[in-house]
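Labels below follow one simple rule: chain letters A, B, ... track the order of the sequence lines, proteins then strands, and each chain is numbered from 1.
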Number of protein chains: 2
Amino acid sequence: MPTSTAAQKRAQAKDEYDSFLAQCPSRQLLDRISDKWVALILAALGSDGPHPGDGYVGEPRSMRYSELSRRLAGVSQKMLTQTLRALERDGLITRTVTPTVPVTVTYGPTDLGLSLQQVMWGVKVWAEAHMDEVLANRKEYDNRVS
Amino acid sequence: MPTSTAAQKRAQAKDEYDSFLAQCPSRQLLDRISDKWVALILAALGSDGPHPGDGYVGEPRSMRYSELSRRLAGVSQKMLTQTLRALERDGLITRTVTPTVPVTVTYGPTDLGLSLQQVMWGVKVWAEAHMDEVLANRKEYDNRVS
DNA sequence: CAGGATCCCGCTAGATACTG
DNA sequence: CAGTATCTAGCGGGATCCTG
């Protein structure tokens, strides 16, 4: 009888690899930015166009909670709050409370957040240049197997 | 009585925005590359280093199913097959079947897949340059609220 | 060797209701 | 206005067993 079974060895290798993955900076970043609302919030706070992603030019602007809520139609209060907290925790946006009555809260991008946006810009450029090709490949593939 | 209630209007706006989101090229791309294994498979097929992500230089190489399975320790058969199928469908990798006995199947990157890798390279660079800062922010934030 | 088919479980997004 | 609290259903993903 071996000191450890093959199954145990496999499980251990898996755990080691998983923790390696969890600590990989790229993996951590992907986990964060792939969140449904992160990119949109960053884009909204990073440019002052009428829609997020309209253009990269333009001053970064701060927005109030309710303003973000309107801009990102379809986001639930829960997810908006949750996402904003996460971004603030990571130092990607700032949260400013002004003690008026009722209270006013504004969110704005940090330098770190703005630099992250530039990476996402690269993603946007590739997507707009090649996603139609990907979609075409997808259709063709589906036709072949059907 | 209005022809539509406020709740109905909100629901409609949400649906419209959701479908807009679903069709956004950047969103589609993020959904694909944020998959746990996509980046790793692409990296593995795009460079011949001992580990995925070791270096961007080096020839793209083709790998067999079992080779990928070993390289990406911890991936389940189901997810590996599922991910490979999705990437092939999108035209990002090729799947080649050689009718030996038993059958031999190799996967390799396409030009499109290689170009996508360059975008992910940008992500990797940002992550390695700034994730420690993000992590530090996170720690500090947690101390403030504790 | 390279998968396909199934069962099952944990997580998480969403809806709803309430509050300083 | 800007959130918090709770409850629940759906599904992504792992484990397991089977096959040409």
Are there any protein N/O atoms within less than 3.5 Å of an N/O atom in nucleotides 3-6 of chain C, and if so, which ones and at what distance?
from	atom 1	to	atom 2	distance (Å)
C:dG3	OP1	B:R85	NH2	3.3
C:dG3	OP1	B:R95	NE	3.4
C:dG3	OP1	B:R95	NH2	2.4
C:dG3	OP2	B:Y107	OH	2.4
C:dG4	OP1	B:R85	NH2	3.3

For B:V101, the other hydrophobic cluster members (4.5 Å side-chain criterion, sorted by chain and number) are none
In whole angstrom, give the distance that lies between atom CE of A:M79 and atom P of D:dA5.
16 Å
Write down the distance between NZ (A:K14) and C1' (D:dT16), rounded to a whole number of angstrom.
15 Å
Under the side chain to side chain contact (heavy atoms under 4.5 Å, CB included) test, residues paired with B:Q28 that sit two or more places apart
A:M131, A:L135
Please tell me which of the listed nucleotides, C:dA13, D:dG14, C:dA2, lies nearest to the side chain of B:S76?
D:dG14
Taken in chain and number order and not counting sequence neighbours, the residues that satisfy salt bridge (charged side-chain N to carboxylate O under 4.0 Å, His left out) with B:D31 are B:R27
Near DNA chain C, which residues from residues 86-94 of chain A have a heavy atom under 4.0 Å away?
none
Is a salt bridge present between A:E67 and A:R61, judged by a nitrogen-to-oxygen distance below 4.0 Å?
yes
Give a yes or no on whether A:D111 atom CG has more than 12 heavy-atom contacts from other residues, nucleotides or ligands under 6.0 Å away.
no
Describe the nucleic acid contact of B:Q82 in one word from base, sugar-phosphate, nothing, applying a heavy-atom distance below 4.0 Å.
nothing
Taking five pairs at each terminus, the helix from C:dC1-D:dG20 to C:dG20-D:dC1 shows an axis bend, to 10°, of 50°
